[in-house]
Amino acid sequence: MNTHEISQISPDIDYWQQENVIGAESEIDVIKSWLEFSCQNSENTYRSYVKEIKRFLIFCDSVGKSFHKITSKDLNQYYTILEFPTDDWLIPDVDMPTLKTQILTKGLNISSVGYTRKVLNIFYGYLLKSSVISVNPVSLSRKIKYEEPHNHIGKALSFDAWLELKKWLSIQVSRAKGPQERSKAIRNKWLLNLLYYSGVRRSSLIGLTMDCFKMEQRGTSRVWIMNFMMKGDRPHSIFMTDQLLEELKAYRASIGLHELPTGKETHIPVIAAISLKKNSLQNATTSISSRGVNFVIQECLSKAAADCHDHFISEELLHATTHTFRHTCATHWLTLGVDVVATKEHLGHRNINTTMVYMKNTDEHRKNEMDKLSKAFSNSGL
DNA sequence: CCGTGGAATTCAACATGGGG
DNA sequence: CCCCATGTTGAATTCCACGG
């Protein structure tokens, strides 16, 4: 992460005389303590914030002000630059940039400008709390309005598309030529099925070992569960469906392991990286990287789409990404009639509203529920 | 109870590096 | 020297929580 060291950004430090309670003696100090304060839980957040603050400091420099002197008018100008950069903010097509400000390849999407505003608001909020400034200029700057995407529905695969993909994955295994190709097909089939049935995020999968699968006593019955880490460093566990367990067994059998995890397999990755040198899945000890997951999935999807004769399904597959499988999991569960609370627990949402977004057609859902209720009534003679 | 501030993550284009 | 998986990083999205 040293490419993101803050100290590389702004070598000229103003004489710092702000009164503050964080003990900052320079601009860099302030930024460092802000990052430390706000990004305790996540490398990703840290990286994002550093990127934003880096770009913002270049802007501050261009208007000849230190960040604690920036006005909301300056900020409005900054938003405009980001969305509609003038030539002195754009990286030239042919030559190397001559100006320090030539950092943009194109205007940012409005949602990204909104994101920038949010991060700056967090930053200036911190400055306000630490009495470096007395008014937050961001809160007085122009609001950035944009449509929240939130159309999860469009981001899930249809039943047909998933079935097509699942079938395709199996065919790849049976048609594979040579051990290398076969290993890959087996691993890919397992990866996609795991994503679909478990609905976990890509990041939860990285570095996971077979020990994450355990049989546990829950309530009155014993169930297989899968343990992993969620967003924000939170541990989470899900109940495994029979289908997921079957896929696990199939995968383990195909690489010569015991059908079910023994509990002492911290050296066996759940999703293995297939390197060229040891071309067998059996010996693989390193987990796939996050970039690797994307690569593999993109490859599968585009090939499956090419092999598919149905134009609509083909399009669906082409537009899917890793995260699509999480959406697909949620949407399919709810459509198949799993109740919202169970789905919420499975996905690890803390707020039920998040889960509700996946409930596609409320009328259809209500109708189904009414049918269920009618049946329950008549079965119990009420 | 919902709108928004805040936090954490995924996406994708380009860069890199080691093995055959 | 090429191939392919992995790194890097700017951009875009997703999700949580809390206060009016």
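If you're wondering where the values come from, they're calculated on a predicted model, not measured in any experiment. Just so we're on the same page: letters track the sequence lines, and every chain starts at 1. These numbers come from the heavy atoms of this one structure, side chains and all, not from hydrogens, waters or symmetry mates.
Out of dA8(B), dT6(C), dC15(C), the shortest distance to the side chain of Tyr115(A) is found at dA8(B). Of the candidate nucleotides dT14(C), dA11(C), dT9(B), dT14(C) has the atom nearest to the side chain of His327(A). Side-chain atoms of Thr45(A) lie closest to dT9(B) of the nucleotides dA11(C), dT6(C), dT9(B). Checked against dA11(C), dT9(B), dG6(B), the side chain of Ser112(A) finds its nearest nucleotide in dA11(C). The side chain of Ser289(A) sits closest to dT6(C) out of dG6(B), dT6(C), dA17(C). Out of dT9(B), dT13(C), dT10(B), the shortest distance to the side chain of Arg202(A) is found at dT10(B). Taking the side chain of Ser42(A) as heavy atoms from C-beta on, and the options dA8(B), dA11(C), dA7(B), the nearest nucleotide is dA8(B). Considering only side-chain atoms of Thr321(A), the nucleotide from dA12(C), dA8(B), dA12(B) that sits closest is dA12(B).
With values rounded to the nearest 0.5 angstrom, Ile144(A) atom CD1 is found 7.5 Å from Asn76(A) atom CG.
Contact annotation for Asn109(A): backbone-only contact, meaning every heavy-atom pair under 4.0 Å involves sugar-phosphate atoms and none involves a base. Heavy atoms of Arg291(A) sit under 4.0 angstrom from at least one base atom.
Whole-Å rounding puts the Ile144(A) CD1 to dT4(B) C1' distance at 14 Å.
For Phe239(A) and His346(A), the ring centers sit 6.0 Å or farther from each other.
Taking for each of Gly348(A) and Ser48(A) the nucleotide of DNA chain C with the nearest heavy atom, the 5'-most of the two is the partner of Ser48(A).
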